[in-house]
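All remarks here apply to the structure that follows.
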Amino acid sequence: MTNSSPKIVISGSGVWTPPNVITNEELVVSYNAYAEKFNSEHAADIASGKVHEKPLSSEKFIERSSGIKNRYVYTREGILDINRMRPKFPERKEDELSNQAEIAVYAAREAMAAAGKKASDIDAVIVACAYTQRAYPAIAIEVQNELGIEGFGFDMLLACSAATFGLHRAYDSLVAGSAKCVLAINPELVTPQVNYCDRDTHFIFGDVSTAMILERFETCTSPNSYEILSTKALTKFSNNIRSNFGHMSYATDADPFGWDKLFHQSGRKVFEEVSPIAAIHIREHLASLDLKPTDVKRFWLHQANINMNNMVIKQLLGEDVRDEDTPMILSRYGNTASAGSIIAFHLHNNDLKKGDIGVICSFGAGYSVGSLVLRKL
Ligand code: CO8
């Protein structure tokens, strides 16, 4: 950014937390009952090697390997039913608000209130998340309509880094002058894409919705705002986190409900490959502003795995994460795709003082890493 560039600020944030919780214990009990039923129904094929036996899940493993204890879900219905193993959503009519627009609006209203903005102050809506529940019309345009916002809206997908990359696009629009106040929302309704029959991934995700208001410094009236000093993005192709769900399913002869149409990953590879990339990315981003990791008062990191964040912070600060510098919300929320770092920001920024530096950083599928360096105003 040059000296003549306008100052862009985050002036409000909001989080909608679903009212329903599922604990590790509940998930493991239901998965194990499903696996035992599967194994007994397929005993002959398992014995002859035609079918793989379903291994059992363990609460101890989940908490130790991921740091997750609970997750919030839009609906509990169906998830723990061993004859269903997926959430049950009644299909809404075309003239009803879609589920994703509904949760986007909840978080958006909170962010707008925090920033002191009315619909008429906002002229762009970005819905950035891991999935949209339909291709078109864009969820962002539905949200724009529901909130009565004039201007434009668009959706963008980038899995784990959708939220940060969405903030980057908001920042760029404000710098360029193509928008004067942007509502960036992350309605992460991800439980419909979880394979609850897969021991390795059934415990990872939860639903949530987050939102932020970005605007130019001159229009900001919020009592709690952050200047965006810089944004930095990196992508590097990898198949280690993937979902093949998409519009082509109708035209191929593959099973449209096959396992590969759901979230799947090589978790260990992701862990080992992405953590160092994220640490280097953050260090280089800070260095571009003549800052060091020790100058940062708060890291609001992607919330996928406690051990991963420990590894990133160890590379930056030489120690494991501590609540005071790297708040973790993972144990409560689970992995909420791109929204994790935004929840961490929303719940853990009020105590920062004028001039304090903070870093929001996401990392994961793509691979992708997205960061913003902030200074409290
Ligand atoms: N219970 C008991 N044992 C288990 C379980 C379980 N539930 N799951 C796996 N095991 C077993 C494994 O099978 C393995 O057994 P073995 O040694 O016999 O082969 C053993 O435990 C060890 O397995 P791992 O090496 O895989 O275990 P890890 O310590 O690596 O932990 C994790 C697994 C927790 C998955 C970990 O690797 C991890 O979190 N990695 C990071 C992954 C990550 O960050 N991914 C990003 C996902 S978020 C994202 O990209 C957004 C996508 C869009 C959202 C999608 C929404 C649906």
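Side-chain atoms are counted along with the backbone in the values below, which use heavy atoms only and exclude waters and symmetry mates. Ligands are counted one by one from 1 in listed order, and the atoms in each one are counted from 1 as well.
- Every atom of ligand 1 is numbered from 1 in the order shown, and the set under 4.0 Å from a heavy atom of I241 is 45 (N), 46 (C), 50 (O).
- Less than 6.0 angstrom separates the ring centroid of F165 from the ring centroid of H168.
- Atoms of ligand 1 found under 4.0 Å from any heavy atom of A337, numbered from 1 in the order shown, are 54 (C).
- Residues in residues 157-174 take part in these salt bridge (charged side-chain N to carboxylate O under 4.0 Å, His left out) pairs, two or more places apart or across chains: R169-D172.
- In this structure, the side chains of S338 and T164 stay at 4.5 Å or more apart for every pair of heavy atoms.
- Taking every non-hydrogen atom of M308 and a distance limit under 4.0 Å, the qualifying atoms of ligand 1 come out as 41 (C), 44 (O).
- With a heavy-atom cut-off of 4.0 Å, L262 does not touch ligand 1 at all.
- Distances below 4.0 Å separate heavy atoms of N305 from the following atoms of ligand 1: 34 (C), 36 (C), 38 (C), 39 (O).
- At the shortest separation from atom 31 (O) of ligand 1 among protein heavy atoms lies S65 CB, 3.6 Å.
- Between W259 and H264 there is a side-chain heavy-atom pair separated by less than 4.5 Å.
- For atom 48 (S) of ligand 1, the candidate residues are T336, N335, I204; the nearest heavy-atom contact is made by N335.
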Q | Derivation and outcome, ring-ring contact (aromatic ring centres under 6.0 Å, His included), residues Y131 and F245 | A | CA-CA 10 Å; Y131 308 95; F245 178 79; 7.6 Å; no
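- Side-chain atoms of Q303 come within 3.5 Å of backbone N or O of L301 as a donor-acceptor pair.
- For atom 11 (C) of ligand 1, the protein comes within 4.0 Å by at least one heavy atom.
- Using a 4.0 Å cut-off between heavy atoms, V190 contacts ligand 1 through both its backbone and its side chain.
- For T210, the side chain to side chain donor-acceptor pair (under 3.5 Å) criterion is met by N186, not counting sequence neighbours.
- Distances from ligand 1 to the non-hydrogen atoms of Y31 include no value under 4.0 Å.
- A donor-acceptor contact closer than 3.5 angstrom links the side chains of E142 and S98.
- Per-residue contacts place S57 under 4.0 angstrom from the following atoms of ligand 1 (heavy atoms of the residue considered): 1 (N), 6 (C), 7 (N).
- Note that atom 19 (O) of ligand 1 has no protein non-hydrogen atoms nearby, at separations under 4.0 angstrom.
- Atoms of ligand 1 found under 4.0 Å from any heavy atom of A304, numbered from 1 in the order shown, are 44 (O).
- The environment of NZ in K297 is sparse: at most 12 heavy-atom neighbours from other residues, nucleotides or ligands sit within 6.0 Å.
- Shown in contact with Q265 at under 4.0 Å from a heavy atom are these atoms of ligand 1, numbered in order with element: 35 (C), 42 (C), 43 (C), 45 (N), 46 (C), 47 (C).
- Counting the atoms of ligand 1 from 1 in the order shown, those under 4.0 Å from a heavy atom of F203 are 7 (N).
- When distances from atom 25 (O) of ligand 1 to the protein are checked, a heavy atom turns up under 4.0 Å.
- Of the heavy atoms in A130, only side-chain atoms (C-beta onward) come closer than 4.0 Å to ligand 1.
- Contacts between D200 and ligand 1 below 4.0 angstrom, taking non-hydrogen atoms only, involve backbone and side chain alike.
- The protein heavy-atom contact nearest to atom 15 (O) of ligand 1 is R199 NH2, 4.3 Å.
- Between Y74 and F89, the gap from one ring centroid to the other is short of 6.0 Å.
- Y196 places a side-chain heavy atom less than 4.5 Å from the side chain of T191.
- Within a 6.0 Å radius of CD in E150, other residues, nucleotides and ligands contribute 12 heavy atoms or fewer.
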